[in-house]
Amino acid sequence: VTMLNYCRSLGYDSFSDFRDAMREYLVYWRHPNERIWNIGEGGKDKGIASSIIDAEKEMISSLATANPEERIAEAASLIISKKRIFIAAHGISSVSADYCMRRLVSIGKDASILTALDYHLMASQISQFDPEDCLLIALAVSPHGDSTVRAVKLCHEENIGIISITDNPLSEIASDSTIALIGNASIKGATNSIISTIAMIDVLAISASARSRNSA
């Protein structure tokens with residue numbers, strides 16, 4: 001009760017909200033080398049490589065638990081049904097965005113990365129197409145970039161379908177999405193990885209390709 005009261009005095013509704021905010025703060029403000037040193041210190045007994053590989057294996061394994069087959073199938077069907085796919089990401093997730101675009105283009109989809117840092121240019125990109133024909137795929141690991149949040153809000157307001165792949169099911173990005181796919185991104189609470197995002201992109205691209213071929 002004392003801890004909950006303390007969290008609420010800081011403006012958080014629960015301890016989990018406070019914990020997530022602290023994690024985002026550490027990931028954002030601490031120097032990357034300091035975070036990596038923490039992982040190295042924790043891996044003394046086992047070896048750093050094995051420790052990191054095990055953490056990333058757990059991330060991928062948790063995808064199946066967090067994302068039921070039905071939800072993935074729904075997301076794959078949404079990808080198939082749309083003529084134009086936009087991708088929004090920020091920071092380290094920009095690497096995932098480029099991979100996502102290449103994966104979608106390889107299965108015959110018209111996909112491009114939004115210029116999310118320039119709101120007016122982004123709005124112009126979106127306005128050129130019928131919202132019914134469009135889909136936004138938003139990729140975000142903590143801390144979520146403001147530009148990605150704005151892209152999701154804009155598409156939500158324009159009634160454009162949204163698939164998000166994020167590490168925080170309580171985020172604005174997830175709540176404004178048509179389908180939110182969740183993947184853990186934390187390596188021992190010290191830094192974030194895009195491994196879950198990349199794995200989910202593979203799942204969606206392969207599922208969409210298979211469904212499209214079977215329906216032909």
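A quick note: this is a predicted structure, and the numbers were derived from the prediction, not measured.
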S.K.: How far apart are the closest heavy atoms of N67 and A180, and which atoms are they?
M.R.: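 Residues N67 and A180, closest heavy atoms: OD1-O, 4.3 Å.
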S.K.: Is Y99 reachable from I79 through a run of hydrophobic residues whose side-chain heavy atoms are each under 4.5 Å from the next?
M.R.: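 Looking at the clustering, Y99 is in the same group as I79.
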S.K.: Do D133 and R84 meet the salt-bridge criterion of a basic N to acidic O distance under 4.0 Å?
M.R.: no
S.K.: Taking I162 as the starting point, is it possible to reach I85 by hopping between hydrophobic residues whose side chains are less than 4.5 Å apart?
M.R.: no
S.K.: To check you understand the geometry: which heavy-atom pair defines the closest contact between A174 and T166, and what is its length?
M.R.: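 Closest heavy-atom pair between A174 and T166: CB-CG2, 4.2 Å.
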S.K.: Got a sec: does the CD of Q128 have more than 12 other heavy atoms crowding it under 6.0 Å?
M.R.: yes
S.K.: Hey, what do you get for CD1 (I137) to CD1 (I201), rounding to the nearest 0.5 Å?
M.R.: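 I137 CD1 to I201 CD1: 7.5 Å, rounded to 0.5 Å.
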S.K.: Carefully, step by step, assess I72 and S207 under the rule side-chain contact (heavy atoms from CB on, under 4.5 Å).
M.R.: CA-CA 8 Å; I72 294 173; S207 298; 4.3 Å; yes
S.K.: Report the distance from atom CE of M59 to atom CG of N192, rounding to the nearest 0.5 Å.
M.R.: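 The CG atom of N192 is 7.5 Å from CE of M59, to the nearest 0.5 Å.
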S.K.: For residues S164 and I173, report the shortest heavy-atom separation together with the two atoms involved.
M.R.: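 Scanning both residues, the minimum pair turns out to be CB-CG2, 3.6 Å.
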S.K.: Walk me through whether I53 and K57 qualify under side-chain contact (heavy atoms from CB on, under 4.5 Å).
M.R.: CA-CA 6 Å; I53 290 169; K57 282 181 180 178; 3.7 Å; yes
S.K.: Looking only at heavy atoms, which two atoms of A88 and A151 are closest? And how far apart?
M.R.: CB-CB, 3.8 Å
S.K.: Do V203 and I206 pass the side-chain contact (heavy atoms from CB on, under 4.5 Å) test, and can you show the C-alpha distance, the side-chain angles, and the key distance before you say yes or no?
M.R.: CA-CA 5 Å; V203 169; I206 294 169; over 6 Å; no
S.K.: Applying side chain to side chain contact (heavy atoms under 4.5 Å, CB included) between R103 and each of D202, D98, L204, I198, report the one that passes.
M.R.: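 Checked D202, D98, L204, I198 against R103; only one passes side chain to side chain contact (heavy atoms under 4.5 Å, CB included): D202.
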S.K.: What is the distance from atom CG of D130 to atom CD of E158, rounded to the nearest 0.5 Å?
M.R.: 11.0 Å
S.K.: Which heavy-atom pair separates I80 from A208 by the least distance, and what is that distance?
M.R.: CD1-O, 3.4 Å
S.K.: Got a second to check how far K109's NZ is from L135's CG, nearest 0.5 Å?
M.R.: 8.5 Å
S.K.: Within a radius of less than 6.0 Å around CG of D146, do more than 12 heavy atoms belonging to other residues, nucleotides or ligands occur?
M.R.: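 No - once you tally the heavy atoms of other residues, nucleotides and ligands closer than 6.0 Å, there are 12 at most.
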S.K.: With hydrophobic residues grouped by side-chain heavy-atom distances under 4.5 Å, do L114 and L78 end up in a single group?
M.R.: no
S.K.: How long is the straight-line distance from CG of L139 back to CG of L181, given to the nearest 0.5 Å?
M.R.: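 These two atoms lie 10.5 Å from each other.
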S.K.: For S77 and R211, work out which heavy atoms get closest and say how close.
M.R.: OG-NH1, 3.9 Å
S.K.: So, are K153 and D176 salt-bridged, with charged N and O less than 4.0 Å apart?
M.R.: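 Judged by the 4.0 Å cut-off on N to carboxylate O distance, K153 and D176 do form a salt bridge.
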S.K.: To the nearest 0.5 Å, what is the distance between SG on C134 and CG on D110?
M.R.: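 The distance works out to 9.5 Å.
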S.K.: Are M101 and V141 in one and the same hydrophobic cluster, where Ile, Leu, Val, Met, Phe, Trp and Tyr link if side-chain heavy atoms are under 4.5 Å apart?
M.R.: yes
S.K.: Using modelled atom types and a 3.5 Å cut-off, is there a donor and acceptor pairing between side-chain atoms of D167 and backbone atoms of S142?
M.R.: yes
S.K.: Show your working on side-chain contact (heavy atoms from CB on, under 4.5 Å) between Y119 and L154 and close with a plain yes or no.
M.R.: CA-CA 9 Å; Y119 182 84; L154 175 61; 3.5 Å; yes
S.K.: In the structure I gave you, are the side-chain heavy atoms of E172 and V152 within less than 4.5 Å of one another anywhere?
M.R.: no
S.K.: Are V105 and M200 connected in a single hydrophobic cluster, I mean Ile/Leu/Val/Met/Phe/Trp/Tyr linked by side-chain heavy atoms less than 4.5 Å apart?
M.R.: yes
